[in-house]
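Below is one structure, written out as structure tokens; the observations come after it.
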2 protein chains.
Amino acid sequence: MSDVPARSRDTAAVIRAAALGLIAAKGYAAVSMREIADGAGIRQGGIYNHFAAKQDILRALMVDHMEALIAAWEACPERSCPPAETLDAFVRFHISYHFTRPEAVLVAYMELRSLEPENFAAVEALRDRYERILRDILARGAAEGVFALRDPAVETRALIAMLTGVTTWVREGGRLSIADITDLYVDLVRRAVGLHPAHDRTRETADV
Amino acid sequence: MSDVPARSRDTAAVIRAAALGLIAAKGYAAVSMREIADGAGIRQGGIYNHFAAKQDILRALMVDHMEALIAAWEACPERSCPPAETLDAFVRFHISYHFTRPEAVLVAYMELRSLEPENFAAVEALRDRYERILRDILARGAAEGVFALRDPAVETRALIAMLTGVTTWVREGGRLSIADITDLYVDLVRRAVGLHPAHDRTRETADV
DNA sequence: GTCTATAGGCAGATAGAC
DNA sequence: GTCTATCTGCCTATAGAC
């Protein structure tokens with residue numbers, strides 16, 4: 001990016017991109033403004049023409065990621081389907097979105113403790129909003145008798161942890177395609193809420 | 001701890017305890033040797049009588065935690081039961097162990113990127129060993145036809161992510177007891193591998 | 001809006017007294 | 001084994017030229 005003419009580039013965006021990669025790799029506290037500037041092809045002092053402080057870069061990365069994530073789901077047509085289809089769609093949406101932005105995802109859930117209190121509150125509120133999306137799907141399915149759940153609040157968090165964890169170990173070009181892994185997670189979630197798997201002929205096998 | 005007579009305390013252990021709490025709360029890079037020393041009730045320079053470098057504290061915390069975790073499972077009698085019982089026992093073991101050491105767990109999975117390459121390799125090897133415990137249980141159950149699985153390697157990671165995530169949101173004194181939450185996770189895992197739930201108290205109400 | 005230069009402070013690590 | 005004192009270097013943020 002450093003060979004792009006200065007007039008044709010959005011320096012703030014370049015700074016953010018450099019910061020995102022560095023923070024995802026090393027952690028916010030371990031990344032210096034000099035490294036970010038180097039990554040963005042400018043000098044260290046120049047960052048302050050676009051961000052008043054290092055903390056503002058982190059807040060921008062996290063808030064914008066969470067808002068984009070929520071907006072992307074709200075643009076999904078399947079969100080108004082019956083509970084089982086909506087749940088499948090949410091699983092596919094979550095995994096797909098997280099694979100396309102692995103660095104933003106990593107930062108959003110690893111750097112909460114690097115946020116100053118005010119910024120933390122803002123990001124936490126957005127995380128709650130996202131979590132509520134899944135909780136509402138589960139609660140609706142339970143209310144309609146489609147899902148067999150014991151506590152949608154607990155199960156929401158268990159499933160989100162499982163789904164988000166996929167980005168920590170899957171690498172493109174591995175043994176399984178992302179589509180295969182996604183199908184696998186869809187079935188894991190379906191079974192966890194008491195539905196039949198969608199991609200597997202078996203109902204439950206023998207009990208012990 | 002700072003009012004304990006110097007002769008009767010293991011200063012290295014006090015330093016480790018202080019470092020564990022601080023690193024869990026703020027992250028390795030954001031914690032200074034001065035803060036650790038303050039927490040341990042000594043002066044900053046005194047740490048170097050017990051650890052040659054800051055990095056050595058982190059390595060000790062992470063390696064010892066992983067080794068203790070693996071050793072604790074290997075001391076569990078249920079590890080040689082049939083697959084379904086062994087899986088239940090593993091879920092209970094994992095959650096219970098993680099609840100008793102939430103700070104060590106947090107550090108062990110948040111600070112991998114703060115380890116220098118040699119130390120990273122050592123900790124990664126221990127993580128693989130632990131992951132293999134669950135993978136072997138799943139593979140054994142699949143081979144015996146007790147579990148309905150599509151890919152034990154993927155399902156291992158999905159389940160470990162789900163189980164480990166419990167420590168990030170559960171607080172003692174919350175709406176549900178830890179025993180209740182553990183039962184709930186046991187059933188989620190049982191259903192995810194195609195077993196019938198063991199605690200048949202399924203509610204179908206929307207309890208959000 | 002980017003640069004150079006620098007202020008002011010804190011980091012990890014070491015030396016040597018006791 | 002703990003202390004005080006200090007070294008060296010990097011940190012965030014700012015000032016002012018262009």
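Per chain, numbering begins at 1; letters A, B, ... match sequence-line order.
- Atoms CD (E35(A)) and C1' (dC10(D)) sit 11 Å apart, rounded to a whole Å.
- A straight line from NZ of K54(A) to P of dA13(D) spans 8 Å, rounded to a whole angstrom.
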For F90(B) and E78(B): C-alpha separation, side-chain torsions, deciding distance, then whether side-chain contact (heavy atoms from CB on, under 4.5 Å) applies.
CA-CA 8 Å; F90(B) 180 82; E78(B) 297 95 334; over 6 Å; no
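- Comparing dC3(D), dA13(D), dG12(C) by their nearest atom to the side chain of Y48(B) picks out dG12(C).
- Rounded to an integer number of Å, the gap from CD1 of I15(A) to C1' of dT12(D) is 15 Å.
- When rounded to the nearest whole Å, the span between CZ of F51(B) and C1' of dG1(D) equals 14 Å.
- When the side-chain hydrogen bond (donor to acceptor under 3.5 Å, both in side chains) test is applied to R175(A), the partners found at least two apart in sequence or on another chain are D151(B).
- Residues forming a side-chain hydrogen bond (donor to acceptor under 3.5 Å, both in side chains) with D38(A) (at least two apart in sequence, or on another chain): none.
- When rounded to the nearest whole Å, the span between CD1 of I42(B) and P of dA13(C) equals 14 Å.
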Give every donor-acceptor pair under 3.5 Å between a side-chain atom in residues 100-110 of chain B and any protein atom, sequence neighbours left out.
from    : atom 1 : to     : atom 2 : distance (Å)
T100(B) : OG1    : Y97(B) : O      : 2.8
R101(B) : NE     : Y97(B) : OH     : 3.4

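- Rounded to whole Å, atom C1' of dG12(C) lies 12 Å from atom CD of E116(B).
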List, one per line, each side-chain donor-acceptor pair under 3.5 Å for residues 132-144 of chain B, sequence neighbours excluded.
from    : atom 1 : to      : atom 2 : distance (Å)
R135(B) : NH1    : E131(B) : OE2    : 3.4
R140(B) : NH1    : C81(B)  : O      : 3.2
R140(B) : NH2    : C81(B)  : O      : 3.4

Detail all sub-3.5 Å separations between protein N/O atoms and N/O atoms belonging to nucleotides 4-10 of chain C.
from   : atom 1 : to     : atom 2 : distance (Å)
dT4(C) : OP2    : R43(A) : NE     : 3.3

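- Q55(B) places its CD atom 15 Å from the C1' atom of dA13(C), with the value rounded to the nearest Å.
- Distance, Y28(A) OH to dC11(D) P: 13 Å, rounded to whole Å.
- For the ring pair (Phe, Tyr, Trp, His ring centres under 6.0 Å) test, residues two or more places apart in sequence or in another chain that qualify with H98(B) are H94(B).
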